[in-house]
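A short write-up of the structure that comes next.
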Amino acid sequence: MKIQRPRGTQDFLPQEMAKRRFIENKMRKTVESWGYQEIQTPIFESLDLFTLRSGDTIIDQSYIFDDKGGRKLILRPELTEPVTRLYVEKLQVDPKPLKLYYFSNCFRYERPQKGRFREFWQFGVELIGSDRPESEVEVIALASSVLETIGLKGNLRVGHLGALRSLMGDLSDEQKNSVIRFIDKRDYEGLRTYLEEISATSLEENIRALIESKDINEARGIVGDVPALERLENISSQLDLHGISHKIDFSVARGLEYYTGMVFEIYAEGLGTENQICGGGSYRLAHLFGGEDTPSTGFAFGFDRVVLALGDIQLPQQTKIMIVSTREQRDWARTKVAPRIRKYFPTEVDLMNRDINGQLSRSNAIGATHTVIVGDKERQKGEEFVTLKNMNTGEQEMLTIEEAIKRIKLDGI
RNA sequence: GUGAGUGUAGCCGAGAGGCCUAAGGCGCCAGGUUGUGGCCCUGGAGAACGAGGGUUCAAAUCCCUCCACUCACCCCA
């Protein structure tokens with residue numbers, strides 16, 4: 001019986017992997033250039049970490065298991081809580097704001113679809129310890145910058161949960177969260193039913209008006225001049241200063257229950273139904289994990305979706321050398337010539353005892369930029385001599401090994 | 001979790017009850033060319049047709065179950 005990989009998981013072949021690393025490296029460089037430092041947390045955590053605040057659906061969709069010591073564990077369904085846990089455990093006294101980033105796999109037990117996997121990769125940042133609007137703006141601007149460097153266009157929507165929460169002033173936190181969940185799902189029928197249940201039908205009209213309002217002034221007319229709107233206005237005008245186009249959208253509610261303030265989402269085109277490539281916002285979680293109450297803002301990119309949205313991209317040609325030799329010289333080529341060139345460039349030698357023709361064919365097949373030919377003619381001229389062939393132009397010349405290395409560098413492929 | 005579609009060699013893909021011990025193309029290996037690649041030509045290896053069961057004299061082709069993928073719902077990244 002053939003064993004298949006588990007449902008919703010992916011194998012990455014060399015070509016796909018090269019593409020993913022290419023994109024990943026660009027994303028890393030971007031956030032590092034803004035001063036964010038990489039961290040890594042365990043692939044599984046205590047179940048409690050996620051039951052505290054994530055919401056029931058996240059738990060329903062998680063891989064939860066007991067280890068042999070009877071501990072309740074969970075494969076991380078996302079990374080904001082683990083990072084906050086790490087912060088509380090190890091980094092609370094570090095200078096603020098703390099700027100962290102991660103690139104890690106997460107697990108959710110869902111029905112797979114294009115851009116939706118049971119194991120998927122998130123690339124995200126958390127900016128911890130600042131309550132200033134500048135910080136929230138930076139996180140959005142950074143997400144936008146990441147998209148720009150990888151050459152992907154996104155549709156940015158920014159909202160603020162405070163407006164909605166102040167509108168629901170009299171409801172309990174639990175009730176507010178329920179309402180937010182309905183809005184996030186755009187389940188307005190369910191919302192109505194729920195409001196009837198908790199005898200708050202008077203709210204419905206204003207809630208609908210708020211989430212349909214297109215700008216902050218319109219929202220002011222509904223909820224009044226509350227701090228949340230002032231904050232969002234501030235953020236929005238700063239985004240304008242950064243030249244970041246965005247839409248104000250009060251229906252951006254985020255499914256995760258820990259978000260408390262500004263929230264944003266980015267959508268890409270051409271991904272079908274799973275088109276959200278990034279989500280983020282401001283939250284307070286540290287105090288729930290035994291730390292000080294700490295304002296934080298973060299985002300996460302769905303890396304697999306980003307890769308999908310980018311489609312076929314042309315990767316830059318990498319310098320790659322194939323050493324081709326006659327049968328008489330293959331030991332010399334393999335043990336004396338190749339190691340010297342390998343110090344500078346990725347270098348392959350023949351392993352199939354092929355003739356010159358076959359070796360050149362191989363050189364072509366692996367996409368070598370240059371072929372170094374080592375044969376009797378070269379050896380007769382002297383131990384240092386090889387023939388360097390540029391595989392793009394077909395030009396070739398007999399040179400010393402040192403000259404050949406210089407020439408390859410000069411070609412700068 | 002609900003509904004729909006799909007599943008033939010590494011990849012694409014023909015075949016729709018007996019002509020199938022399954023076409024073709026790409027890729028792979030070898031040769032044409034014992035010191036020159038990409039093109040071309042020739043040959044070769046590679047599939048009991050997603051898995052298991054059933055109907056039939058006969059199944060890749062029909063039925064059932066399971067598995068996987070795709071799409072929508074849902075959920076979010």
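All heavy atoms count here, side chains included; hydrogens, waters and symmetry mates do not. Below, chains carry the letters A, B, ... as their sequence lines are ordered, and counting in each starts from 1.
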Rounded to whole angstrom, note down the [atom1] distance from [N] over to [M].
| N | M | atom1 | result |
| --- | --- | --- | --- |
| G54(B) | A72(B) | C1' | 33 Å |
| A48(B) | G1(B) | P | 31 Å |
| C62(B) | G18(B) | P | 11 Å |

TODO: Please state whether the base of A77(B) and the side chain of E265(A) form at least one donor-acceptor pair under 3.5 Å?
DONE: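 Under the 3.5 Å cut-off, the side chain and the base do not form any donor-acceptor pair.
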Task: E328(A) (side chain) and G35(B) (base): donor-acceptor pair under 3.5 Å - done: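 Answer no: no donor N or O sits under 3.5 Å from an acceptor.
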Under 4.0 Å between any heavy atoms, over every strand shown, what does [X] touch: base, sugar-phosphate, or nothing? Just pick one.
| X | result |
| --- | --- |
| R111(A) | base |
| C278(A) | sugar-phosphate |
| D304(A) | nothing |
| G124(A) | nothing |
| K114(A) | sugar-phosphate |

TODO: Let me know, please, whether Q113(A) or I277(A) comes out on the 5' side of the other along RNA chain B by nearest nucleotide.
DONE: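 First, find each residue's nearest nucleotide; the 5'-ward one identifies Q113(A).
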TODO: Name the residue closer to the 5' end of RNA chain B, choosing between R354(A) and Y267(A) according to the nucleotide with the nearest heavy atom.
DONE: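 Per heavy-atom nearest nucleotide, the more 5' residue is R354(A).
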- [ ] Using only heavy-atom distances, determine whether the side chains of E119(A) and N105(A) contain a donor-acceptor pair under 3.5 Å.
- [x]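 Yes - a donor-acceptor pair under 3.5 Å links their side chains.
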Open item on the list: Regarding Q238(A) and N234(A), do their side chains bring together a donor and an acceptor under 3.5 Å, going by distance alone?
Closed with: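 The answer is yes; a qualifying pair exists.
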TODO: Quick one: pull up CG in D11(A) and CE in M17(A) and give me the separation to the nearest 0.5 Å.
DONE: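 The distance works out to 11.5 Å.
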[X] and [Y]: aromatic ring centres closer than 6.0 Å?
| X | Y | result |
| --- | --- | --- |
| F44(A) | F107(A) | no |
| F182(A) | Y188(A) | no |
| W121(A) | F12(A) | yes |

Can you tell which of [options] lies closest to the side chain of [X]?
| X | options | value |
| --- | --- | --- |
| T387(A) | U70(B), G38(B), U36(B) | U36(B) |
| K389(A) | C74(B), C69(B), G37(B) | G37(B) |
| D376(A) | U36(B), G35(B), A77(B) | G35(B) |

Open item on the list: Among residues 355-362 of chain A, which ones have heavy-atom contacts with RNA chain B below 4.0 Å?
Closed with: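 Hits under 4.0 Å, by residue number: I356(A), N357(A), L360(A), S361(A).
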Task: V158(A) and its side-chain contact (heavy atoms from CB on, under 4.5 Å) partner, picked from I244(A), L239(A), V263(A), V137(A) - done: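 That would be L239(A).
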Open item on the list: Checking one value: the base orientation of A48(B), syn if chi is within 90 degrees of 0, otherwise anti.
Closed with: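 Chi for A48(B) falls in the syn range.
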Task: RNA chain B: stems of at least 3 consecutive Watson-Crick or G-U pairs whose donor-acceptor distances fall under 3.5 Å - done: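 Expected stems, ordered by start: B:1-7 with B:67-73, B:10-12 with B:24-26, B:28-32 with B:40-44, B:50-54 with B:62-66.
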Open item on the list: Between P on C75(B) and CG on N275(A), what's the gap in Å once rounded to a whole number?
Closed with: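 Taking CG of N275(A) and P of C75(B), I get 14 Å after rounding.
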- [ ] Write down the distance between OH (Y259(A)) and C1' (A77(B)), rounded to a whole number of angstrom.
- [x]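 One finds 10 Å between C1' of A77(B) and OH of Y259(A), rounded.
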Open item on the list: Can you see whether Y109(A) has R118(A) sitting over its ring - NZ or CZ less than 6.0 Å from the centre and within 45° of the normal?
Closed with: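 Satisfied, under 6.0 Å and within 45°.
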TODO: Could you check F301(A) against V146(A) for side-chain contact (heavy atoms from CB on, under 4.5 Å), going step by step and ending with a plain yes or no?
DONE: CA-CA 10 Å; F301(A) 274 94; V146(A) 165; 3.8 Å; yes
